[in-house]
Amino acid sequence: MNKFSSTPAVNQRAKAVDQVMRGVITTLALVSFSFIFLILLFTFKEAKDVFFDAETRQAVLPTLLSTNWQPVSENPKYGIVPLLIGTLKTTLIAMVIAIPVGVLAALYTACFAPIWLREIIKPVVELLAGFPSVVIGFFALFVLAGALQTLTGAEFRLNALVGGVAISFSAIPIIFTIAEDALSSVPKSIQEASYGLGATQWETAFYITLPAAYPGIFAGALLGFGRAVGETMIVLMATGNAPISSWTLTDSARTLTATIGAEMAEVVFGDPHYNVLFLIGVVLFLFALLLNSIAEFYIKAKLMRKFRGS
Amino acid sequence: MLRLRSSLLLCFLLWLCSCHAPDATITIRGSDTMVALGQKWAEIYMSKFPDETVQVNGGGSGTGIAALINRTADICQSSRPMKPKERQRIREKFGRDVIEIPVAKDGIVIYVNERNPIAKLSLSQLRQIYTGKIQNWKELGWEDQRIIVYGRENSSGTYEFFKKEVLKGDDFAAFVQTLPGTAAIVNAVSKDVYAIGYGGNAYSRGIRLMPISRTDTSAAIEANEITIAQGTYPISRNLYFYLAREPNPTIQRFLDWVLSAEAQSIVAAQGFFPVKGLVAQLDSARSTSSQFQ
C-alpha cells in the first residue's frame, strides 16, 4: 500500500498540495501564453496599416514585391524580395554546413567517443550554444571575412558566405545538443540486437542508431534552421547588408532580421516605413510558425508512427 | 525623540530635494553621434553648477526629435537639420517654430585604403560612385578593379546627410554595403584595398582620408580641423540643439555655457569641431543663442 494513502489526513494533504501546484503551473502557463499572444497582437497591430490604412497602402503595396529596398528616398520603395533572398541565401549556407557537422559530431559523441571524452565534449558544446552572437559576428568581421576572401577570391569581403558560415557556428551547437540527446536515448537493446546479428560499430551507428533517432535529429535541424533565420547580430556585421537580389553566394546580402535591427532605431512612429518593418516581423513570425508546425505535425504524425510501427 | 526629529528633518530634506529637482533637471536626448559630447558637457557643467542635473541619452536624432515633440526631453541633440515635416509637427503642437542652435561642426570624411593612389575625388565623382554610375577604379585612373562601396545604414543621420549633400537626394545604389557604425566602416576599408567609405572624422591605421573638391576642376581640400571648422571642406555639417519651447533660465544658462570657449574646447577634444571657426568669434556665438530669448 502507498504510504500517502495510508491515512486519510496525509491523503488529503497530498491532494491539497497537488491542487496548489496544478494552480501555480496553470497560472504560469497562462501568463507565458498571454505574453506571446500580446507580442503577436502588437506586431500584427503595427503591421496591419500596410493593408488597412488607405494612405500607407498606397505608399507601400505597389513596391512591396519589387526588388528595390529603398525606404529612405524621395519615392520610397519597400521591395522585400531582396531581403527574402538574402535571408534564404545565408540560412541555406548555414544549414548546409551546420546539419552535417552537427549531426556527425553528435553521432561520434553518442556512439564512438569514450565516456570521459563525451563528458568533456557535451558541456563544452552546450557552452558554445550560449555564446553571444555579437562575438561570433565580431570574429566573422575581423578574421573570417579576410580568410574566406583569400580562399574564394570574392570581390566583396563581406558577403552572404561569410554570414552563412558565421551563422552555422551558432546553429551547430543547437543541432549537436538535440541530436546527441536523441542518439543517446535510442534504447540500448536495439544496438545490442544489431551487434548480435554481427554488425560492426559503424554499421550499427549509421543504419540502426541514426535512423532510430531521426525524429529528434530532424527536430534539432529545424531548431537550428530557426536560429539561423532569426540570427540578427551576425548578419548585421558580416554580410555587408546590401539589398541586392542575387543568388550568388559571394555577393552581399541583406536579411529580414538585419533590416529590422538596422532601421528600427530611427523610423518615425506610424510612418509607412515603420509599418513595413513590423510587416517583416510578421513574415518572420509566419516563418517560425511554419517551421514549428512542420516539426510538430510531420514528426509527431509521420515519423513517430513509422518508428513505432503502428 | 532625537531620532524622530532627525528622521523628520531627513524627510523634509528629501521632500525639498524632490520638489526642487524638476526645474533644475535638463533632459537631453537624441543623436548617438553626439552622446559622448553631450555627456562630457553635462559632466563638466554639473561639476561647475552642482545643484543642477543634466541628463543625456542617445537613441538617434529621430528618437530625440520624437522626444521633443512628446515633451519627454527639454533639448534634442541632432546630427542633421530637422525635416520640414518635423518642423511642421512642432509648430502644430507648440504653436511656434522650433529653436535651432548649431553647437558643433562635424566633417564627413571619405576613407580609402592606404594603398589607394588616387589623389583626389570631386563631389560629382563621389556621387557617381555611390549611385552606381562609376563602378570600376579604372574610370578614375587606377587598376581595373570593382569599387567596393561602403556606407551607413539608412537610420543613421550621417546617411541622410550624405544622401542630401553628396547624392543631391538621389538613391544609393543597391550594392552599397551598409555597416553599423563608423568604426566598422573604417575597419572594412582598412582591409579592402579597393574599398571606399564615408563617416565621421576618425583616424585609424590602414586608411587614408581622401581630399575632396567641390567641382571637377577646383582644388581638392583635405579634411582637417581648420578646413572643417571654416567650412571650406565640402562635406561638413552642423550638429544641433533643438528646443521646442522658450528656454527657462536654467536651460538658458546651460545653452550659454555650451557656446562658451570652455565648452567649445571640449568639442575639439571629442573629435568634432567648434562651431564658428576656432572659438575666436565667441561673442557672436553667444548672440546666436540670445537672439532666441
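Residue numbers start from 1 in every chain, and the chains themselves are labelled A, B, ... in the order their sequence lines are given, proteins ahead of strands.
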For chain A, the option from B:A66, B:A184, B:A188 that forms the most heavy-atom pairs under 4.5 Å: B:A188
When B:V176, B:D192, B:L179 are compared by non-hydrogen pairs under 4.5 Å with chain A, the top option: B:D192
Contacting moiety of [X], where chain A heavy atoms sit under 4.5 Å:
{"X": "B:R89", "result": "side chain"}
{"X": "B:A195", "result": "neither"}
{"X": "B:Y150", "result": "side chain"}
{"X": "B:E153", "result": "side chain"}

Closest-packed option against chain B by number of heavy-atom pairs under 4.5 Å, given A:N68, A:N75, A:L158, A:L236: A:L158
Check against side chain to side chain donor-acceptor pair (under 3.5 Å), B:S61 and B:S79: CA-CA 6 Å; B:S61 304; B:S79 61; 3.2 Å; yes
Contacting moiety of A:S252, where chain B heavy atoms sit under 4.5 Å: side chain
Which atoms of A:E155 approach chain B - backbone, side chain, both or neither, heavy atom under 4.5 Å: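 Looking at A:E155, backbone and side chain both touch chain B.
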Any side-chain donor near an acceptor of the partner, A:T239 and A:R254, under 3.5 Å: no
A:Y274 versus A:E46, side-chain donor and acceptor atoms under 3.5 Å: yes
Salt-bridge contact B:R80-B:E86 (side-chain N to carboxylate O under 4.0 Å): yes
Option from B:Y130, B:Y111, B:Y159, B:F161 for which ring pair (Phe, Tyr, Trp, His ring centres under 6.0 Å) with B:Y198 holds: B:Y130
B:S122 side, atom OG; B:Q128 side, atom CD - distance, nearest 0.5 Å: 7.5 Å
A:F44 and A:F278 aromatic centres sub-6.0 Å: no
